[in-house]
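In what follows, a structure is listed as structure tokens, so that the remarks can point back to it.
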Number of protein chains: 2
Amino acid sequence: MPAKRSPARRPTMKDIARRAGVSESAVSFALNGRPGVSDVTRERVRRVAEQLGWRPSTAARALSGEGAATVGLVLARPADTLGVDSFFLQLVSGIQEVLAERHLGLLFQVVEGVPDECAVYRRWWAEHRVDGVLVVDPRTEDPRPDLLDELGLPAVVIGGAPDERHPGLSTVWADDAGAMAAVVDGLYALGHRRIVHIAGLSGLAHTERRIRTLRAEARRRGLTGVESITTDYSDAAGAAVTRRVLGSAAPATALIYDNDVMALAGVATAAGLGFSVPADVSVVAWEDSALCRMVKPWLSALSRDSVEFGRTAARELTALLDGGPARTVRVPVPRLIERESTGAARGA
Amino acid sequence: MPAKRSPARRPTMKDIARRAGVSESAVSFALNGRPGVSDVTRERVRRVAEQLGWRPSTAARALSGEGAATVGLVLARPADTLGVDSFFLQLVSGIQEVLAERHLGLLFQVVEGVPDECAVYRRWWAEHRVDGVLVVDPRTEDPRPDLLDELGLPAVVIGGAPDERHPGLSTVWADDAGAMAAVVDGLYALGHRRIVHIAGLSGLAHTERRIRTLRAEARRRGLTGVESITTDYSDAAGAAVTRRVLGSAAPATALIYDNDVMALAGVATAAGLGFSVPADVSVVAWEDSALCRMVKPWLSALSRDSVEFGRTAARELTALLDGGPARTVRVPVPRLIERESTGAARGA
DNA sequence: AAGCAACACTAAAGCGCTTTAGGCTTCATC
DNA sequence: GATGAAGCCTAAAGCGCTTTAGTGTTGCTT
């Protein structure tokens, strides 16, 4: 028996009004907890609505000024870069958890770059599609905060540094600088003096923050064999840079990779070059995931709770939508999980 | 200078009408390419709209029966399972590419399980939020097609087998059965007789299809040491099953893992147990990604173009939205990329 | 017993768009 | 020169909801 292709009209408030024998306005008041109806009527209306399986039409709601009940998230990355990134899906999953409670939808889009991203914001705004947005991968020289300010679109920036120039935006961030300092501390204590940081995308706020911190830490200790090299986060880049670094005259004894994928590729490359980890070179991955326990030696990694990160961001956005003030909240510093890929520097 | 918090009213058709000196209806006709206005008026209206930066309010459009210009995608997976899955983001990225051309939004939600997913469809439908949906991870005994049929929500099922019981749904699928047969063929030719398939989630349509095919191939050849073991796709499960399988009296000589993550974990486990790959045991990963080239030996893997898969699915959905007929389209069979993890069976 | 507030409820407008039903010109037709 | 048809455009209703203004009842006060 083929399922019936029922026309299945969605029930509207008018239907409820008719069945409950009251006016549409009464229904609206009753269902939205506004004063103006007696408790018994309210209850009756609620029951009818329930029984009819009524749900407010977001379109109608949005049109009468209530907002779209939707928040937006755009990911600006070339399609091939977004492969093996566990961080992102976890973040989204945390975001969802909070949004779902409030029946807020998540409009998601992936684009090629920041200019496209800005265009999407403009469109969403003009089309009335979203009530607010979550901005990821903030950059130094970022046009997005200005734009969002101009559009008056509530937004929370995920992973940026506090930004006092845009008091309208909330920021949720982790203290990468502190984490980097801690990592360098640890490596220094193990005797490492030549440290290379295989960084992520140049221009990303957190990349630059890590680079600056590393440089500062090096200067503070008088270290000269310390540098950062930016990449595109890909395994290929991780491998290539590792090859170059370990091939130099006085190769680094410690490598800090800005994600798990590059770290893995780096370890494989090092092994291929005859370097043993951690005897010849220590490796730290900035991002923990199942991957880090899938190779021998297990990778020491900076771990953070990305799901909770997402939850926090979403909570800030809903607070903003409720008319709350913009805030800057810091989530816990990533913790260094010491596994097997870090050890004393050779000869230390 | 702080950016101005401009109230920034969105321009409406009324604004255009006033500026162009015509009625609102004329504007609507002009902008939607309907007859009823002269070419010069149409052009004038278009220019004014452009100049004002007008974009139709999706809410208003949706309300007047035009649909929400949005399609939905819900991912039913426990939060911790969706970590390292490159397939999914690539799929989404392909989907986006097609949707973006048509200015269709993608409403995205992740939930815990299929019942929740059904609830989301109902809600989206009742709230008028989406015009159609993309369904992933079809199951044997799947309640979703019936539901979508009942709601009359256009949908395309991604990765299912053709389903003649739901003529309203489009299906986009790859021939897993064919791929499995080819893999077994190859392994058989290499002398493998004891083959274990570390499968994915039991109940998923493609999991069951692979299992059935493997069983049929084994029977056809009179092989007895062939079996499938279902898992939850996690690296932990991959490792655990591998340990069990290789610890048996007459261990398998070839392992087929239903994703790259488990394959990786499997190889690591095998190495830990003293098995050398591929000398002692061959490994095939059903899903190719950067991971497969990040361990030695490089993993032989079944590769497919997930981005294109997503594009195809999205194209089918837009066709459906345009009133086209439901179709069943097959994307290319995954190709086996032979790398270093497969070889002749010991003693063959 | 008139006056008044308080309460429960309804009528109607409005959000921004589409669409149907005309109205008014113009031009061709016989 | 009346009749029609065609073409361009406007008025108005309607989509499903919120909200403001307003209408009747009560029940209380003096």
Side-chain angles (χ1 to χ4, degrees), chain A residues 7-46 48-49 52-70 103 123-129 131, chain B residues 7-46 48-49 52-70 103 123-129 131:
Chain A
R9 211 175 54 81
R10 303 159 171 80
T12 74
M13 288 198 359
K14 194 183 286 181
D15 299 322
I16 301 179
R18 193 163 340 110
R19 294 264 288 242
V22 293
S23 72
E24 270 188 74
S25 347
V27 173
S28 177
F29 294 147
L31 260 17
N32 293 315
R34 297 217 190 305
V37 286
S38 66
D39 285 354
V40 323
T41 307
R42 190 184 300 278
E43 211 21 69
R44 182 157 42 96
V45 168
R46 283 219 173 111
V48 174
L52 254 43
W54 177 85
R55 293 250 70 211
S57 148
T58 41
R61 272 250 165 97
L63 197 51
S64 39
E66 288 292 277
T70 305
H103 289 238
R123 200 151 51 72
W124 279 353
W125 172 82
E127 291 179 352
H128 244 315
R129 260 183 188 282
D131 301 329
Chain B
R9 211 174 57 81
R10 302 159 172 80
T12 72
M13 288 195 4
K14 193 182 289 181
D15 299 322
I16 301 178
R18 195 167 333 115
R19 296 265 289 243
V22 293
S23 71
E24 271 187 75
S25 347
V27 174
S28 178
F29 294 149
L31 261 17
N32 293 313
R34 298 220 188 304
V37 287
S38 66
D39 285 354
V40 322
T41 307
R42 190 185 299 278
E43 212 21 70
R44 181 157 41 94
V45 168
R46 283 220 173 109
V48 174
L52 253 41
W54 178 86
R55 295 249 68 211
S57 148
T58 41
R61 274 246 163 105
L63 198 51
S64 39
E66 287 295 276
T70 305
H103 288 235
R123 198 150 54 68
W124 279 353
W125 172 80
E127 291 178 353
H128 245 313
R129 263 183 186 282
D131 300 330

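Computation of the quantities below employed the complete heavy-atom set of this structure, encompassing side-chain atoms and omitting hydrogens, waters and symmetry-equivalent molecules. To find a chain, count down the sequence lines: A is the first, B the second, and so on, and within it residues start at 1. Please read these numbers as outputs of a predicted model, since none were measured by experiment.
- Distances shown here put a side-chain N or O of A:T41 below 4.0 Å from the OP1 or OP2 atom of C:dC9.
- Phosphate contact (OP1/OP2 of C:dC7, side-chain N/O of A:S38, threshold under 4.0 Å): absent.
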Could you go through A:V37 and A:V45, starting from their C-alpha distance and side-chain angles, then the distance that decides it, and tell me whether this counts as side chain to side chain contact (heavy atoms under 4.5 Å, CB included)?
CA-CA 10 Å; A:V37 286; A:V45 168; over 6 Å; no

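- Side chain of B:T70 to main chain of B:A68: a donor-acceptor pair is present (N/O by atom type, distance under 3.5 Å, no hydrogens or angles).
- If you take CG on A:L31 and CZ on A:R55, they are separated by 9.5 Å, rounding to the nearest 0.5 Å.
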In 5'-to-3' order, the base (B), backbone-only (S) or no-contact (-) status of each nucleotide in nucleotides 11-18 of chain C, using a 4.0 angstrom heavy-atom cut-off, is BB-BBBBB

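- Taking the side chain as every heavy atom from C-beta outward, B:S28 and B:R34 never approach each other to under 4.5 Å.
- The closest donor-acceptor contact from the side chain of A:R129 to the backbone of B:T58 lies at 3.5 Å or more, if one exists at all.
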